[in-house]
Amino acid sequence: MITFATMLQKEHSKPTQLLKANKLNHTRVRETILAVLAGSDVALSANEISSRMEMDCDRVTLYRNLKTFVEKGIIHQIFIDHLESKYVLPERDVHSGNGDSEHIHFKCIHCSTVQCLHDYPVAPVELPEGFEKLETNYVIFGLCNTCNLKDES
Ligand SMILES: [Zn+2]
Ligand SMILES: [Zn+2]
């Protein structure tokens, strides 16, 4: 659920403002997708977004809008493997307004959640001469702290 507190915390990622700032037409589907992502602490797959939307949205429309958001840099696409992607609203620094820096992602193999570990930046990698980095896709697979503690008890 999207609580008032969540919306306050993420004032800068309000769906209507994000759409406006990126010169995208305001549609109910777009606003709902962004509201679902803003209300989640973990990255969501297209299926998970769809099931939380509480409105009819065909897959083509959903994927087309997710693609637009990714291209505009409004959301991050995390490639888990060749079949699965998860989507997340980037945390923005409220004061500087900068997008977030490259960070490590963690996928829990037990509960399947994917989290952005914002405090764990990706170490710079030296590439061979002539190679140009476009983006980094760093996903660590393992047990999240919730599942790990459960297993110990
Ligand atoms: Zn877990
Ligand atoms: Zn992330």
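Here the structure is a predicted model, which means the values were calculated and not measured. Numbers here are sequence positions counted from 1. Atoms within a ligand are numbered from 1 in the order they appear, just like the ligands themselves.
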Could you state the interatomic distance from CG (L149) to SG (C144), rounded to the nearest 0.5 Å? 8.5 Å

Ion pair present between R52 and E48, side-chain N to carboxylate O less than 4.0 angstrom? no

Of all the atoms in H76, is at least one N, O or S atom closer to the Zn ion (ligand 2) than 2.8 Å? no

Has H118 got an N, O or S atom lying less than 2.8 Å from the Zn ion (ligand 2)? no

If you compare all heavy atoms of R59 against all heavy atoms of A46, which two are closest, and at what distance to 0.1 Å? NH2-CB, 4.4 Å

Closest heavy-atom pair and its distance - V122, I104: CG2-N, 4.0 Å

Can you find a heavy atom in the side chain of P121 that is under 4.5 Å from one in the side chain of H103? no

Is any side-chain heavy atom of N22 less than 4.5 Å from a side-chain heavy atom of F69? no

Polar protein atoms (N, O or S) that approach the Zn ion (ligand 1) to under 2.8 Å: C108 SG, C111 SG, C144 SG, C147 SG

Verdict with reasoning, M53 to L62, per side-chain contact (heavy atoms from CB on, under 4.5 Å): CA-CA 10 Å; M53 281 174 73; L62 177 60; 4.1 Å; yes

